[in-house]
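Below is one structure, written out as structure tokens; comments come after it.
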2 protein chains.
Amino acid sequence: MAEDVFKALADPTRRRILDELVERDGQTLFEICTRLVAKHGLGLSRQAISQHLAVLESAGLVLSRRQGRYKFHDLNTEPLELIVTRWLKPDAPESTP
Amino acid sequence: MAEDVFKALADPTRRRILDELVERDGQTLFEICTRLVAKHGLGLSRQAISQHLAVLESAGLVLSRRQGRYKFHDLNTEPLELIVTRWLKPDAPESTP
DNA sequence: TTGATAGGCAAGTCGATACTTGCCTATGGT
DNA sequence: ACCATAGGCAAGTATCGACTTGCCTATCAA
């Protein structure tokens, strides 16, 4: 579970997808494709993005809801909170009031 | 720079190494090898661990200081702070006092 | 100086994974 | 009914990354 989060974050394209979703939630596959090309000039096939979304989804970082012929993707930052606290000592600077 | 952090965290063995260093800072290569075998039964060669440490070091997650024939490795959690805030919206729950 | 310890360099293997291509299903509009 | 849009499935390629093996350097102790 948490292991998948690290692998999901390892790819730069997947991180870009998360960047897109944090900007505008609930995008479809085609929207994401279009915006990745427009913003970063990423010439990736639709399938490539689809597979990346599947990885992000199985890692719990993206939730999807199907509606008619559209499939909307939402960002879920919950898994992110766990992964860093793993190596932060209890006396971390942010928790010293 | 920050990109390397994600790749460094992608490998389970490297995460184990960080686990070791958060428990006891300033270990040498051989110490880490020994403890990985003892705790997790990881039958990895010394070179494998050495290469992992190089990756962690170039990601800034591990700092090393040479002293005689020993090379001590210290954990540096600073790069970790950046990577999660990247996708946390400004109105995150932890920053709402 | 010899030997043992701690570590580094370089090439090679092998499996994982990112990406493509081609075809198929389903929904919606006209 | 038709066609266009939105997406899925599966196999193939090709690059990247983890790990090994063998040899080499440097520090310390006897």
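Letters A, B, ... mirror the listed sequences (proteins, then strands); counts begin at 1. Reckoned from all heavy atoms, side chains included, excluding hydrogens, waters and symmetry mates. Quick caveat, the model's predicted, so the values are computed rather than measured.
- Leu61(B) is not listed as a side-chain neighbour of Leu21(B), based on a closest heavy-atom distance of 4.5 Å or more.
- Closest contact between the side chain of Asp11(A) and the listed nucleotides dT20(C), dT20(D), dA18(C) involves dA18(C).
- Between the CD1 atom of Ile49(A) and the C1' atom of dA18(C) there is a distance of 11 Å, rounded to whole Å.
- When the P atom of dA6(C) is taken as reference, atom CD of Glu31(B) falls 9 Å away, rounded to whole Å.
- Within a 6.0 Å radius of CD in Glu78(B), no more than 12 heavy atoms belonging to other residues, nucleotides or ligands are found.
- Between His52(A) and dC19(C), a side-chain N or O to OP1/OP2 separation shorter than 4.0 Å is present.
- Distances shown here put every side-chain N or O of Lys71(A) at or beyond 4.0 Å from the OP1 or OP2 atom of dA6(D).
- A close approach under 4.0 Å does occur between a side-chain nitrogen or oxygen of Arg14(A) and OP1 or OP2 of dA18(C).
- In this model, the phosphate group of dG8(C) is approached by a side-chain N or O of Ser50(B) to a distance below 4.0 Å at OP1 or OP2.
- Relative to the side chain of Arg69(B), the nucleotides dT5(C), dC19(D), dG7(D) differ in distance, and dT5(C) lies closest.
- Contact annotation: Ser45(A) side-chain N/O to dT20(C) OP1/OP2 distance is under 4.0 Å.
- The side chain of Leu44(A) has dC19(C) as its nearest neighbour among dC19(D), dC19(C), dA6(D).
- One atom, CD of Gln51(A), and another, P of dG7(D), lie 15 Å apart when rounded to the nearest Å.
- Side-chain atoms of Leu29(B) lie closest to dG8(C) of the nucleotides dT20(C), dG8(D), dG8(C).
- For the pair Lys7(A) NZ and dC16(D) C1', the computed distance is 14 Å after rounding to whole Å.
- Look at CD on Gln27(A): it is 14 Å from P on dA6(D), rounded to the nearest Å.
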